Student: 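Please find one structure pasted underneath; my questions will follow.
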Amino acid sequence: MAFGKGHHLHLIDGSAFIFRAYHALPPLTRKSDGLPVGAVSGFCNMLLRYIEENTGPDAPTHAAVIFDKGSHTFRNDLYDKYKGNRPEMPEDLRPQIPLTREATRAFNVACEEMEGFEADDIIATLARQAREAGGRVTIISSDKDLMQLVGGGVEMLDAMKNLRIDAEGVEAKFGVGPDRVIDVQALAGDSVDNVPGAPGIGLKTAALLINEYGDLETLLERAGEIKQPKRRQTLIDNADQIRLSKRLVTLDCDTPLTFTLDDLEVRDPDPETLLKFLTEMEFRTITKRVSERMGVAPPAVPEPAAPETVADDIPFDPEAYEVVRDAEALSVWIDRIMERGWVALDTETTGLDDMRVDLVGISLAVELGRACYIPLRHKAADRDDLFGSDALAEGQMDPDTCIAMLKPVFEDPSILKIGQNMKYDAKVLARQGIDVAPIDDTMLISYAQHAGLHGHGMDTLSERYLDHTPIPIKPLLGTGKSAITFDRVPIEKAAPYAAEDADITLRLWHSLKPNLHRAKVTTVYETMERPLVPVLSAMERAGIKVDRDTLSRMSAAFAQKMAGLEAEIHELAGESFNVGSPKQLGEILFDKMGLEGGKKGKTGAYATGADVLEDLATEHDLPARVLDWRQLSKLKSTYTDALQDHINPDTGRVHTSYMIAGAATGRLASTDPNLQNIPIRSEEGRRIRQAFVAEEGKVLLALDYSQIELRILAHIAGIDALKEAFRDGQDIHAATASEMFGVPLDQMTPDVRRQAKAINFGVIYGISGFGLARNLRIPRAEAQGFIDRYFERFPGIKDYMADTTAFAKEHGFVQTLFGRKIHTPEISASGPRAGFAKRAAINAPIQGTAADVIRRAMIRMPDAIADLPATMLLQVHDELLFEVEEGAVDAVTERVREIMEGAAMPAVDLTVPLTVDAGSGANWSEAH
DNA sequence: GTACTCACG
DNA sequence: GACGTACGTGAGTACG
């Protein structure tokens, strides 16, 4: 039967439901995967309550939930600022929007939306159609914009206040009847939707005027008759704007609909469909309510064994930790993991070098406060032998059995493995043949939210977010020479420590993971932190071949040269002293020899840095010799000697470790050894790179971004001159010099170019006259002159600096183009610290965006080169180093370049091209 | 453990 | 008007 007399249509404003649900509820997440579902849950509750309350004689015959779709409507064409000041949708709400549509359908309620139309217009059209057909309409919403529709059988219902609004109710709110509501709205405007209206006229005055003159057109025609001069003038001056406002607030009753009223007939929900949806959402309470109502047995929603309380309600209790000593006990834990879908894990090892250590034990946690430790290779306590026995302690699980049992769990794609600094555990487990995935990492979850605020180690996070000091490891291992490895710690002492680490990790995950959405860094974490773990793990495990002979020959040569220099220096000084002691050197230079320019630092010692010695070197031989000696000393101790100690005896290669959460800007940091600071600037040091070699039949291939930070600056600050120079492939420093000093490119001198280069770099660092002057060794006033001229020629730079520091002051952080946040807590400090913080804030978005770009490239790289005989070995901030089979260099270069140059896309479309230079050779020196 | 120096981007 | 300043890192050495 077609919709008509006696029928009753309910129209529910879906968006209003969603926002109410979102703001009314605390941020709930789905237990199994952390998906935010608070708004969906509230939405379902509201829908359920609506259905429960609308039974009986007055029940609707037809009903629909109407949603907005698309952000651009005809109103934006009329007025581009319409709804222009509306804040962005919260990041944790966005993924819930499609789920509310699903929920509506699951309840078997018609769910309608149309691209490019606001829900209000669809509601208006349906209300008109229903009224014309002779039926009744109830609009479930409290949105005042819909009040113009009331009357003639149309009412509104504020579901929250359970308040029916008829024509009288509208008059109470607007001071006029429903037919004049749009006139009043046109005059009063609306700050929420950014409808301008008449300045200075609010709801009260608008109603007064409309009541006096009858309607808006009459009022505007007779505006000259208004007594109050200011009001009169406003109406005359803003007549066009008021008419525009009226068109904006008038709902469109003629939206072309793709469905009819008859499609909206009320249907009973299908218990199976509805309960399936609710179960999937893991809404226990609603599921129960619905099953009771429908007289169906409630389906089993995976019930977490842990009570649904927050982490800090559960005390830390070592008694609740279990030692797993056999397969039977472990299988109980595995069942728990499979049931729950996640596990926090931690590995205990004999040391800190994940490429060399032995696995001693594994701890697991599935519920807050409960954890276990599985000892595998603890050594027996020893009775006779002072040096300890090599026999294994009693009561441990057979390592092979344990690994065999855990492997399917740790590799199960449906089970989430949670760790603190998972790269370490993943590497240790990889050496046991386990490829851990998928993972979450509490260190990285913290880093994505709080870079720049504090460290992200377990102790820091536990103190900060759990208010708990973890059991320290020092008392177990001892210190100094008498320190023991973890396998020598008795199991009874090791277990509480180890199990607690897994427990803490799980608690941290509970506390921190849901906040990713709130901090709007979910995408940062998901696309630039978490996926980097397996990539870096593979690079670190690959390592790079370092030729020991080359290094030791260089060490010997350096030692010989240093001995010669040392003798010369002592001769010049007239006495023997420790050249490596800045304190002794300072006393020799400034006290004994009486040289000028001795400046004492805060500790009262003379400064003897390279800059000081360079100044002195123009007049004296001794400081010049010391500079030479220092360079050799540095190269020998830090590189040619130390690097040899890092060659892994098993692989013959050097395996650095990358800290993902070390640098606040998003850069990686390389440690043990640091392979990001291998010399290149000096000829002497550069030769150290000859020791980094490719395997037989392979070559090293280096690709680096050209001027990436300057390009990003040109994009962010919108410097057209720089952008053009980059697009034309010009020498950017020469182009800058030309622009600044008016020197044509063909007459450019190296010195002018050098100065421009220094300024370009200075700008990236938050330039100061003092810093530039020192760098260029020119008077400070001259340096300041350069900077002034630079700002004059590229005014966008100054704006960028001012905007960035203002943003940092307001928000306490700055952001990269990809959304990475870098906190700047010192930005409002006073004194010199404020200067530091300001320059760091200026630099961070640039350095951080560049770091994001190469991270994105690295994450895509394994898939991109999977079919090529190439391995990614190292990252040095703007460079990637590969080991490639000789014949494949060109193919790999082409593929890698494509990935690197396109790494910003599709998230960010830079207005400056990124270009990559490539080189290859038998060693790292040749590859450059 | 801290300060200084110096290697890199 | 004085003060102190380039941004981001890690490692080795001296010294208290």
Side-chain angles (χ1 to χ4, degrees), chain A residues 451-452 577-586 600-613 626-627 629-643 645-646 656-659 662-682 684-686 688-689 704-710 713 758-776 780 783 787 801 804 814 822 824 830-848 850-851 854 874-879 924 928:
Chain A
F577 70 100
N578 185 351
V579 183
S581 164
K583 187 169 167 260
Q584 293 181 35
L585 176 66
K600 293 192 176 177
K602 32 190 151 181
T603 50
Y606 290 112
T608 67
D611 49 346
V612 176
L613 297 189
V626 172
L627 281 169
W629 183 92
R630 277 209 184 145
Q631 191 196 4
L632 295 174
S633 164
K634 177 77 176 182
L635 295 177
K636 182 172 185 293
S637 67
T638 310
Y639 301 104
T640 57
D641 287 350
L643 222 37
D645 301 334
H646 281 286
T656 184
S657 180
Y658 290 100
M659 288 170 41
T665 53
R667 273 196 179 180
L668 302 179
S670 159
T671 63
D672 308 297
N674 181 356
L675 295 186
Q676 290 181 322
N677 72 345
I678 303 302
I680 191 167
R681 292 175 187 167
S682 78
E684 194 104 72
R686 192 186 183 119
I688 290 168
R689 293 190 174 223
D704 67 287
Y705 283 107
S706 160
Q707 305 292 356
I708 185 167
E709 292 193 354
L710 216 44
L713 173 69
I759 299 167
N760 276 334
F761 276 107
V763 165
I764 293 171
Y765 298 147
I767 199 161
S768 77
F770 179 90
L772 183 65
R774 197 173 62 174
N775 197 297
L776 282 177
R780 192 172 155 178
I787 293 169
M801 292 181 160
T804 306
V814 292
I822 298 121
T824 56
S830 58
R833 290 199 320 193
F836 277 118
K838 191 180 146 195
R839 290 188 297 271
I842 289 168
N843 174 260
I846 304 168
Q847 187 181 117
I854 196 163
L874 300 180
Q875 187 250 43
V876 192
H877 308 309
D878 64 357
E879 170 188 353
W924 199 2
H928 250 278

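Predicted, not measured: the structure shown is a model, and the values here were computed from it. In what follows, chains are A, B, ... by sequence order, proteins preceding strands, each numbered from 1. Only heavy atoms go into these numbers, but all of them, side chains included; no hydrogens, no water, no symmetry mates.
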Student: Nearest-Å distance, CD1 (Ile764(A)) to C1' (dC8(B))?
Tutor: 16 Å
Student: How long is the gap from CG on Asn674(A) to NE2 on His646(A), to the nearest 0.5 Å?
Tutor: 9.5 Å
Student: Using the P atom on both, measure dA6(C) against dC6(B) and round to a whole Å.
Tutor: 15 Å
Student: Quick check against the 3.5 Å criterion: does Gln676(A) have a side-chain atom that pairs as donor or acceptor with the backbone of Gln875(A)?
Tutor: yes
Student: Tell me the salt bridge (Lys or Arg N to Asp or Glu O under 4.0 Å) pairs involving residues 761-770 of chain A, sequence neighbours left out?
Tutor: none
Student: Contact class for Asp878(A) (heavy atom, under 4.0 Å): base, sugar-phosphate, or nothing?
Tutor: sugar-phosphate
Student: Could you work out, with ring pair (Phe, Tyr, Trp, His ring centres under 6.0 Å) as the rule, every residue matching Phe836(A), not counting sequence neighbours?
Tutor: none
Student: What's the CD-C1' distance between Glu684(A) and dA7(B), to the nearest Å?
Tutor: 14 Å
Student: Using a 3.5 Å limit for the pairing distances, which stems of at least 3 consecutive Watson-Crick or G-U wobble pairs does DNA chain C take part in?
Tutor: B:1-9 with C:7-15
Student: Using the salt bridge (Lys or Arg N to Asp or Glu O under 4.0 Å) criterion, which residues pair with Lys634(A)? Sequence neighbours excluded.
Tutor: none
Student: Output the rounded distance in Å from CG (Leu632(A)) to P (dT5(B)).
Tutor: 18 Å
Student: Between dC3(C) and dT5(B), how far apart are the two P atoms, rounded to whole Å?
Tutor: 22 Å
Student: With the side chain of His877(A) defined as its heavy atoms from C-beta on, choose the nearest nucleotide among dG8(C), dC7(C), dA6(C).
Tutor: dG8(C)
Student: Report which part of the nucleic acid Phe836(A) touches: base, sugar-phosphate, or nothing (heavy-atom distance under 4.0 Å, all strands).
Tutor: sugar-phosphate
Student: Could you tell me the separation between the NZ atom of Lys838(A) and the P atom of dG4(C), rounded to a whole number of Å?
Tutor: 18 Å
Student: With a cut-off of less than 4.0 Å, is there a side-chain N or O of Arg839(A) near OP1 or OP2 of dC7(C)?
Tutor: yes
Student: May I ask you to say what Ala664(A) touches in the nucleic acid, namely base, sugar-phosphate or nothing, with a heavy-atom cut-off under 4.0 Å?
Tutor: sugar-phosphate
Student: Would you indicate what Arg686(A) reaches in the nucleic acid, counting non-hydrogen atoms under 4.0 angstrom: base, sugar-phosphate, or nothing?
Tutor: nothing
Student: I'd like the P distance from dG4(C) over to dC4(B), given in whole Å.
Tutor: 14 Å
Student: Rounded to the nearest Å, what distance is computed from the CG atom of residue Leu627(A) to the P atom of nucleotide dC6(B)?
Tutor: 7 Å
Student: Hey, does Ala850(A) reach any base, or is it just sugar-phosphate, or nothing, if we go heavy atoms under 4.0 Å?
Tutor: nothing
Student: Have a look at Ile767(A) and say if it touches a base, only the backbone sugar-phosphate, or nothing, with a 4.0 Å heavy-atom cut-off.
Tutor: base
Student: Phosphate oxygens OP1/OP2 of dC6(B): is one of them under 4.0 Å from a side-chain N or O of Arg630(A)?
Tutor: yes
Student: To the nearest angstrom, how far is Arg780(A) atom CZ from dG4(C) atom P?
Tutor: 12 Å
Student: Which residues pass the side chain to side chain donor-acceptor pair (under 3.5 Å) test with Thr640(A), sequence neighbours left out?
Tutor: Ser555(A)
Student: Taking only side-chain N and O atoms of Arg667(A), does any of them lie within less than 4.0 angstrom of OP1 or OP2 on dG9(B)?
Tutor: no
Student: Consider the side chain of Ala669(A), meaning its heavy atoms from C-beta on, and name the nucleotide among dG8(C), dG10(C), dG9(B) that approaches it most closely.
Tutor: dG10(C)
Student: Listing request: all side-chain hydrogen bond (donor to acceptor under 3.5 Å, both in side chains) pairs with a residue in residues 836-845 of chain A, at least two apart in sequence or in separate chains.
Tutor: Asn843(A)-Gln847(A)
Student: Checking Asp672(A) now: which residues fulfil salt bridge (Lys or Arg N to Asp or Glu O under 4.0 Å) with it, not counting sequence neighbours?
Tutor: none
Student: May I have the distance from Trp924(A) (atom CH2) to dA7(B) (atom P), rounded to whole angstrom?
Tutor: 16 Å
Student: Could you report the tightest heavy-atom contact between Ala783(A) and Leu772(A), atom names first, then the distance?
Tutor: O-CD2, 3.8 Å
Student: Nearest 0.5 Å, please: how far is OG in Ser768(A) from CZ in Arg780(A)?
Tutor: 7.0 Å
Student: How many angstroms lie between atom CD1 of Ile759(A) and atom CD1 of Ile764(A), to the nearest 0.5 angstrom?
Tutor: 12.5 Å
Student: Look at all strands and tell whether Ala834(A) reaches a base, only sugar-phosphate, or nothing, counting heavy atoms closer than 4.0 Å.
Tutor: nothing
Student: Once you round it to whole Å, what is the distance between C1' of dA7(B) and CD1 of Ile688(A)?
Tutor: 9 Å
Student: For Leu675(A), answer base if it contacts any base atom (sugar-phosphate contacts may also be present), sugar-phosphate if it contacts only those atoms, and nothing otherwise; contact means non-hydrogen atoms under 4.0 Å.
Tutor: nothing
Student: Treat primed atoms plus P, OP1 and OP2 as sugar-phosphate and everything else as base, then score nucleotides 11-16 of chain C 5' to 3': B for base contact with protein heavy atoms under 4.0 Å, S for sugar-phosphate contact only, - for none.
Tutor: BSSSSS
Student: Just to be sure I understand the rule, does Gln631(A) reach a base, reach only the sugar-phosphate, or reach nothing, if contact means heavy atoms closer than 4.0 Å?
Tutor: sugar-phosphate
Student: List in chain and number order the residues that pass side chain to side chain donor-acceptor pair (under 3.5 Å) with Ser682(A), two or more places apart in sequence or in another chain; answer none if no residue qualifies.
Tutor: Gln631(A)
Student: Measuring from the side chain of Tyr639(A) (C-beta onward, heavy atoms only), which nucleotide among dA7(B), dC7(C), dA6(C) has the closest atom?
Tutor: dA7(B)
Student: Base, sugar-phosphate or nothing for Gly766(A)? Non-hydrogen atoms, less than 4.0 Å.
Tutor: nothing
Student: If you look at every strand shown and take non-hydrogen atoms under 4.0 Å, does Arg681(A) touch a base, only sugar-phosphate, or nothing?
Tutor: base
